[in-house]
K.L.:
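Right, I'll just put the structure down here and ask away after.
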There are 2 protein chains.
Amino acid sequence: MSPDAPASARGQPTIRDVAAAAGVSIGTVSRVAGGSARVAEQTRARVLSAMALVGYQPNAAARAMRTNKTKTIGFLMPDISNPVFSRVAVGAQSVLGPAGYTLFALSSNRSPVQEVEYLQAVRQRQMDGLIVTLADETASATTEELRRMRVPVVLLDRDVDIGADVVFSDHVIAMETIVSHLIALGHRRIGLVTASEKIRPGRERVRGFRGALAAAGLPVDDWLIRAARQSAEYGATETHDLLTGRDPPTAIIAAGSDIFYGAMKAVRLLRRDIPRELSFVGADDLLLSEVIGPPITVIDRDMVEVGREAGRLLLDRLNGVALPPRHIMLASSVVLRDSIAAPSHA
Amino acid sequence: MSPDAPASARGQPTIRDVAAAAGVSIGTVSRVAGGSARVAEQTRARVLSAMALVGYQPNAAARAMRTNKTKTIGFLMPDISNPVFSRVAVGAQSVLGPAGYTLFALSSNRSPVQEVEYLQAVRQRQMDGLIVTLADETASATTEELRRMRVPVVLLDRDVDIGADVVFSDHVIAMETIVSHLIALGHRRIGLVTASEKIRPGRERVRGFRGALAAAGLPVDDWLIRAARQSAEYGATETHDLLTGRDPPTAIIAAGSDIFYGAMKAVRLLRRDIPRELSFVGADDLLLSEVIGPPITVIDRDMVEVGREAGRLLLDRLNGVALPPRHIMLASSVVLRDSIAAPSHA
DNA sequence: CACCTCCGTGTAAACGTTATGTCGCCGGAT
DNA sequence: ATCCGGCGACATAACGTTTACACGGAGGTG
């Protein structure tokens, strides 16, 4: 099939193989490969066909060593198997790709140790930029490692003071909106299950939650607020606990995609009828919420757009834009569906 | 805070900075960094503290150029935002990480062009190995590029003859099982919506489907078989078409996670009652199927285990195991739930 | 007491690329 | 006919590592 690859010894063919095959010097091959300087059309053609012949691909390591650029961006997220995070990669790629950068996705599995390791990997590999969603804002080893980074960094929805650009998602307004709505429907005891207050989303959601209650002049029962982890198990456990407590809520907000799953499962197991016996609000999973019976009201945000925005910010920095750190706030939307109603006996 | 980083000029500190700070030669620093040869304990300590002082991280590009190893594995998948694929990354990482390799995830967004580009990126960056799920088995540019790869490759659930190790998922047996079950319940017209026969999963599922019908002596109505794309839209469209046709099926199998979503949505819109009016079988999304009312019967497979197995195969090759290509077959499971029943008037 | 051995360290070459400086040659202008 | 200007190609020096080789000194042995 393919012409027996005329690689030098073993391994990939180098610029030298191409030069030999084309009968030119390596400098000329480099210029053709880089497309930088002027090369006579005839020579260029000879070089190009030689490259095709030997199946040449420039050695990125050598190139990187010489130029100090890798055309590579790292994207570190807490959990690659959660679409909320991985969708960001799709958005970022759509912006960075056309600009000639390759996006490498890394998943720390919510482990701060892994996070540090990957951050070092990014630094060792001289990646040109970094987009990162931290698993824990309070891990000092991680933020220290971030500060060591000598390349542009874009932070996603986290409050860490490293002088980086940040793309924030609104959580407060959306939470206030839905809680106010529930209050207007007559709910007085509303349960909230969300991420730990150690990260911004958890903190902000709790803030919006408390704010809406305060605005309505209602007391806050801390027992109704569960903010510790992000997992289906946590969502299930806490929801079960809330619903089987002495004075259970008439509405539950499961603010987080994994928590949403788990909470939903707990509601099923307890055979609570939505929305007759319980009003239910999910988050960050439009597809799921649409397909469940009845359709579930959700707080949603466009994570692909978050990725695009992050890509744009990064690209600006890579092109040398020297501005003070920029903060971008992206709205969340509240999608009202059939899962909420007035409480049965208010 | 941190001691003003004594990096040489600008940029990251190099081995030379460390050598100067420790008062030794660069060779010695390299030996300490690499942990290879014997170094006097006293010297080692001095070098280590010098490395910490300047915040040294070895330059991966230089290292790669010298050693022809990058300790880096690429994982190319069709869609990073689909957990079916990204879960594989989690499994692979759990095996490769402890062995000192970093896994970089790449998403082609089902574009053959992107696929080729990423394959070239992997080759340019001299990654030590590759795990890949192809978006289309029939794209010759992709398979040609794969053949060019001079490092171990593990293929996931695809039939492409490049002499690579492969981790297969069973689709035939699982499909036969569920179809036979539906037939036993009295179903005679069963609809199937699945991926294109251009990729193994689609092909095998159709094969299992036809096989089960044949085994039961039932005729195959090709109108009931939809195998072209993988997307929620496709799932919705085809399901709608099947259910609103002249002679609609009494059961539908939505074999594919995105198709599952879409099909489910179509069923909701048409207000078909499951399982009274329609028996429904989903695939590859355990969480969703559990939470929908009623719980949905699904064909499921452990994608994390697929990743682990792929990681193991790759690791063997990286350690120099020279065997003929190995094929591993992982079973799928059929999880029976409340979404299937005898057809209403058989 | 001299020699050999071995351990620890230094030196230097190579990896594949880009970029800088240099040179040869062709064509146009004087 | 001579000279000059450029264009295009070549040679070569880095970039930061690893590693083969050389070397010096300490300790043990004949």
Side-chain angles (χ1 to χ4, degrees), chain A residues 7-48 50-51 54-72 123-128 150, chain B residues 7-48 50-51 54-72 123-128 150:
Chain A
S8 50
R10 58 182 70 223
Q12 302 281 352
T14 89
I15 206 172
R16 234 165 287 271
D17 298 306
V18 179
V24 298
S25 80
I26 61 164
T28 304
V29 177
S30 171
R31 271 183 300 253
V32 172
S36 50
R38 300 179 49 86
V39 176
E41 200 43 58
Q42 194 187 1
T43 321
R44 160 184 307 276
R46 231 181 32 251
V47 171
L48 283 174
M51 296 204 301
V54 302
Y56 172 72
Q57 287 287 333
N59 180 323
R63 203 170 245 192
M65 193 161 61
R66 187 62 233 260
T67 61
N68 275 320
K69 301 228 153 319
T70 56
K71 288 294 180 177
T72 283
R123 207 144 66 87
Q124 289 186 3
R125 287 178 178 74
Q126 325 277 124
M127 294 194 180
D128 296 335
R150 293 273 170 278
Chain B
S8 49
R10 56 183 72 224
Q12 302 282 351
T14 87
I15 206 171
R16 235 166 285 271
D17 299 304
V18 179
V24 297
S25 79
I26 60 163
T28 303
V29 176
S30 171
R31 275 182 288 255
V32 171
S36 49
R38 299 178 51 86
V39 176
E41 201 43 57
Q42 195 187 359
T43 320
R44 161 184 307 274
R46 236 188 18 257
V47 171
L48 283 175
M51 296 204 300
V54 303
Y56 172 72
Q57 286 287 334
N59 180 322
R63 205 170 243 193
M65 192 160 61
R66 189 60 234 259
T67 62
N68 275 319
K69 303 232 152 316
T70 56
K71 288 292 179 178
T72 282
R123 206 142 69 85
Q124 288 185 3
R125 287 179 178 76
Q126 324 277 120
M127 295 194 180
D128 295 335
R150 292 274 170 277

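The structure presented is a predicted model; accordingly, all values stated were derived computationally and were not measured. Letters go in sequence order (proteins before strands), and every chain restarts at 1.
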K.L.:
How would you list, by chain and number, every residue that makes a side chain to side chain contact (heavy atoms under 4.5 Å, CB included) with A:R63, sequence neighbours excluded?
P.N.:
A:A33, A:P58
K.L.:
Choosing from D:dT19, D:dG16, C:dT17, which nucleotide comes nearest the side chain of B:S30?
P.N.:
D:dT19
K.L.:
List for me each residue that meets side chain to side chain contact (heavy atoms under 4.5 Å, CB included) alongside A:A22, sequence neighbours excluded, and say none if there are none.
P.N.:
A:V24, A:V47, A:A50
K.L.:
For B:I15, check side chain to side chain contact (heavy atoms under 4.5 Å, CB included) against everything at least two apart and list the hits.
P.N.:
B:I26, B:V29, B:S30, B:Y56
K.L.:
Quick one: which of D:dG16, C:dT17, D:dT17 gets closest to the side chain of B:Y56?
P.N.:
D:dT17
K.L.:
Got a list of protein N/O to nucleotides 10-14 of chain C N/O distances below 3.5 Å?
P.N.:
from, atom 1, to, atom 2, distance (Å)
C:dG10, OP2, B:S25, N, 2.9
C:dG10, OP2, B:S25, OG, 2.9
C:dG10, OP2, B:T28, OG1, 2.6
C:dG10, N7, B:R31, NH2, 2.9
C:dG10, O6, B:R31, NH1, 3.3

K.L.:
Residues in side chain to side chain donor-acceptor pair (under 3.5 Å) with B:S25, at least two apart?
P.N.:
B:T28
K.L.:
Among all residues two or more places apart in sequence or in another chain, which pass the side chain to side chain donor-acceptor pair (under 3.5 Å) test with A:T43?
P.N.:
none
K.L.:
Using whole Å, what does the distance between atom P of nucleotide C:dA19 and atom CZ of A:R63 come to?
P.N.:
10 Å
K.L.:
A:K69 NZ to C:dT17 C1': how many Å, rounded?
P.N.:
15 Å
K.L.:
Specify the separation, in whole Å, of atom CZ of B:R125 and atom P of C:dT17.
P.N.:
14 Å
K.L.:
How many angstroms lie between CD in B:Q124 and CD in B:Q126, if you round to the nearest 0.5 Å?
P.N.:
9.0 Å
K.L.:
Of all residues at least two apart in sequence or in a different chain, which pass the side chain to side chain donor-acceptor pair (under 3.5 Å) check with A:R123?
P.N.:
A:E145, B:Q12
K.L.:
Would you check if A:T14 and A:N59 make a side-chain contact, meaning some heavy-atom pair closer than 4.5 Å?
P.N.:
no
K.L.:
Which residues in residues 38-45 of chain B have at least one heavy atom lying under 4.0 Å from any atom of DNA chain D?
P.N.:
none
K.L.:
Within this structure, what is the CE-to-C1' distance between B:M51 and D:dG16, rounded to whole angstrom?
P.N.:
15 Å
K.L.:
In whole Å, what is the span from the CD1 atom of B:I15 to the C1' atom of D:dC15?
P.N.:
13 Å
K.L.:
Take the protein atom CG of A:N59 and the nucleotide atom P of D:dG16, then report the distance between them rounded to whole Å.
P.N.:
16 Å
K.L.:
Residues in side chain to side chain donor-acceptor pair (under 3.5 Å) with A:T70, at least two apart?
P.N.:
A:D128
K.L.:
Rounded to the nearest Å, what distance is computed from the CE atom of residue A:M65 to the P atom of nucleotide D:dA14?
P.N.:
14 Å
K.L.:
A:Q12 CD to C:dT17 C1': how many Å, rounded?
P.N.:
15 Å
